[in-house]
*Asks:* 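Got a structure here, written out as structure tokens. Questions coming.
For reference, positions follow the sequence shown, starting with 1. Predicted model only: the values in this text are computed from it and were never measured.
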Amino acid sequence: IVIGVDTAKRFHQLCVMTRDGELLDERRLQRDKMLAHVSKLERCTVALEACGGSHHWGRELLALGFRVRLLHPAHVRPYVGVQKNDRADARAICEAALRPLIRSVPVKSRDQQDMRVLLRLRQALVADRTRLINRFRGLLGEYGLVLPKGAKAFRRQLRELTGEARWQEALSARVRDIFQQLAGELDRLFAKAEELKRQIIALQQGDETAQRLRTIPGVGPVTAAEVMASIEDARVFSSGP
């Protein structure tokens, strides 16, 4: 048999189907009762859409001895039919899982997910930092103070500018105080992004794959982390090593 699970925040919809397409069971379960129910079933293939939380459920089901298939939502969608609801989605997941040519998304380990969390948080901080710098540059330009592009160059020259006479001459005390607050916020974003980068590097310590990746010209710790967080085993790709 194959079990299709349509996950949600509060309730999961289960569909149990034979490999011949015969529908054996359908039920709606509370999120915290799903594993207890599934653990009573015979060990088989459990299929889920690869979406938020699916890797967590995949690891839990693997620990119970099930075979897990995470399916890309684009592969499930053609089997949903006209009426889309949780029951139809669970059935569609079963139908897609029964197709031998549809590939699965590998279940990510907890270390991989930790890496992805650090990367996404750092990415968000860098985006916030860029927005602040662009806003800061525009405001300074209104007073004839032009600073260069590039985060590090901007920060360095801003520090130099605050110690020059033209900083005092071009800006009123009120605006200087506001700009000092913006500079403090910019320093905070730089510090948090660097701290996350240090944690990313620390996760790679002793990892042979990370060390090999970083020997490639142009590949640093962040790029290596992106590869490690996305691909655990390159052999799942037909053109991989």
Side-chain angles (χ1 to χ4, degrees), residues 7 48-60 62 68 70-75 103-140 146-162 179-241:
T7 59
L48 308 92
E49 277 191 324
C51 57
S54 60
H55 292 280
H56 160 73
W57 291 114
R59 290 193 299 271
E60 295 287 339
L62 285 171
V68 177
L70 301 185
L71 307 177
H72 193 286
H75 292 158
R103 294 183 177 181
S104 305
V105 177
V107 177
K108 295 188 184 302
S109 66
R110 191 163 61 179
D111 285 344
Q112 278 186 296
Q113 285 203 285
D114 288 350
M115 190 79 78
R116 285 183 69 84
V117 167
L118 294 175
L119 287 166
R120 297 301 167 258
L121 288 175
R122 183 181 179 276
Q123 189 178 53
L125 286 171
V126 171
D128 290 343
R129 186 180 70 188
T130 301
R131 281 192 291 269
L132 179 58
I133 288 174
N134 290 338
R135 186 180 302 118
F136 208 162
R137 183 185 291 109
L139 293 171
L140 287 170
V146 180
L147 294 185
K149 293 183 179 181
K152 292 182 178 179
F154 178 89
R155 187 189 187 195
R156 183 180 62 255
Q157 292 206 18
L158 177 64
R159 287 176 172 175
E160 295 173 358
L161 177 63
T162 56
F179 283 174
Q180 290 290 358
Q181 294 178 36
L182 289 178
E185 176 65 14
L186 183 60
D187 286 339
R188 185 186 68 84
L189 291 173
F190 264 99
K192 291 184 70 174
E194 285 301 313
E195 172 58 27
L196 287 174
K197 186 175 180 179
R198 284 193 291 270
Q199 293 187 40
I200 290 169
I201 293 172
L203 274 177
Q204 298 177 16
Q205 295 298 324
D207 189 288
E208 184 182 347
T209 301
Q211 304 309 316
R212 289 204 311 270
L213 286 168
R214 290 173 63 175
T215 62
I216 301 172
V219 174
V222 174
T223 304
E226 287 282 3
V227 175
M228 293 171 62
S230 302
I231 305 170
E232 186 168 9
D233 186 358
R235 287 173 296 184
V236 301
F237 298 96
S238 58
S239 59

*Asks:* What distance do Leu147 atom CG and Arg156 atom CZ have between them, rounded to the nearest 0.5 Å?
*Replies:*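 So the gap between those two atoms works out to 10.5 Å.
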
*Asks:* Could you go through the side chain to side chain contact (heavy atoms under 4.5 Å, CB included) check for Val105 and His55 one step at a time?
*Replies:* CA-CA 10 Å; Val105 177; His55 292 280; 4.3 Å; yes

*Asks:* If you measure from CG on Leu119 to CD on Glu226, what distance do you get to the nearest 0.5 Å?
*Replies:*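 It comes to 4.5 Å.
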
*Asks:* Show the nearest heavy-atom pair for residues Ser54 and Cys51, with the distance to one decimal.
*Replies:*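 Result for this residue pair: OG-O, 2.7 Å.
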
*Asks:* Take Ile216 and Thr223 through the test side chain to side chain contact (heavy atoms under 4.5 Å, CB included) and record every step on the way to the result.
*Replies:* CA-CA 10 Å; Ile216 301 172; Thr223 304; over 6 Å; no

*Asks:* From Lys149 NZ over to Ile133 CD1, what is the distance, rounded to the nearest 0.5 angstrom?
*Replies:*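 Answer rounded to 0.5 Å: 12.5 Å.
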
*Asks:* Would you say the side chain of Arg135 lies within less than 4.5 Å of the side chain of Leu132, judging by non-hydrogen atoms?
*Replies:*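 Yes, side chains in contact.
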
*Asks:* Rounded to the nearest 0.5 Å, what's the gap from CG on Asp187 to CZ on Arg159? Could you check?
*Replies:*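 Here the rounded value is 5.0 Å.
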
*Asks:* Take Gln112 and Arg116 through the side chain to side chain contact (heavy atoms under 4.5 Å, CB included) test and state the conclusion after the steps.
*Replies:* CA-CA 6 Å; Gln112 278 186 296; Arg116 285 183 69 84; 5.7 Å; no

*Asks:* Taking all non-hydrogen atoms of both residues, which atom of Leu203 and which atom of Met115 are closest, and how far apart?
*Replies:*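 Distance-wise, the nearest heavy atoms are CB-CE, 3.8 Å.
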
*Asks:* Are Arg137 and Leu140 packed together at the side-chain level, in the sense that at least one heavy-atom pair is separated by less than 4.5 angstrom?
*Replies:*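 The answer is no; the side chains never approach within 4.5 Å.
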
*Asks:* What are the two closest non-hydrogen atoms of Gln204 and Ala210, and how far apart are they?
*Replies:*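 Closest approach of Gln204 to Ala210, heavy atoms only: CB-CB, 3.7 Å.
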
*Asks:* Can a donor-acceptor pair be found between the side chains of Asn134 and Arg131 at a distance below 3.5 Å?
*Replies:*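 On atom types as modelled, these side chains do not qualify, holding no pair under 3.5 Å.
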
*Asks:* Can a side-chain donor-acceptor contact be found between Gln199 and Glu195 if the only test is distance below 3.5 angstrom?
*Replies:*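 There is such a pair (donor and acceptor under 3.5 Å, judged by atom type) between the side chains of Glu195 and Gln199.
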
*Asks:* Check step by step if side chain to side chain contact (heavy atoms under 4.5 Å, CB included) holds for Arg122 and Val222.
*Replies:* CA-CA 10 Å; Arg122 183 181 179 276; Val222 174; 4.0 Å; yes

*Asks:* Hey, does Ile201 have a side-chain heavy atom less than 4.5 Å from the side chain of Arg214?
*Replies:*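 Counting from C-beta outward, Arg214 and Ile201 do come under 4.5 Å.
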
*Asks:* Determine whether more than 12 heavy atoms belonging to other residues, nucleotides or ligands lie under 6.0 Å from atom CD of Glu208.
*Replies:*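 Not more than 12 within 6.0 Å, no.
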
*Asks:* Taking all non-hydrogen atoms of both residues, which atom of Ala193 and which atom of Leu125 are closest, and how far apart?
*Replies:*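 So the two residues come closest at N-CD1, 3.9 Å.
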
*Asks:* Taking all non-hydrogen atoms of both residues, which atom of Lys152 and which atom of Phe190 are closest, and how far apart?
*Replies:*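 Nearest pair, atom of Lys152 first, then Phe190: N-CZ, 4.3 Å.
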
*Asks:* Can you tell me how far the OG1 atom of Thr162 sits from the CD atom of Gln180, to the nearest 0.5 Å?
*Replies:*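 So the OG1 of Thr162 and the CD of Gln180 are separated by 6.0 Å.
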
*Asks:* For a quick test of reading the model, state the closest non-hydrogen atom pair linking Ile200 to Pro221 and the distance between them.
*Replies:*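 Scanning both residues completely, I find the closest heavy atoms to be CG2-O, 4.1 Å.
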
*Asks:* Does the side chain of Val107 come within less than 4.5 Å of Arg59's, by heavy atoms?
*Replies:*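 SC-SC contact between Arg59 and Val107 confirmed.
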
*Asks:* How many angstroms lie between atom CG of Leu161 and atom CZ of Phe179, to the nearest 0.5 angstrom?
*Replies:*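 The distance works out to 10.0 Å.
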
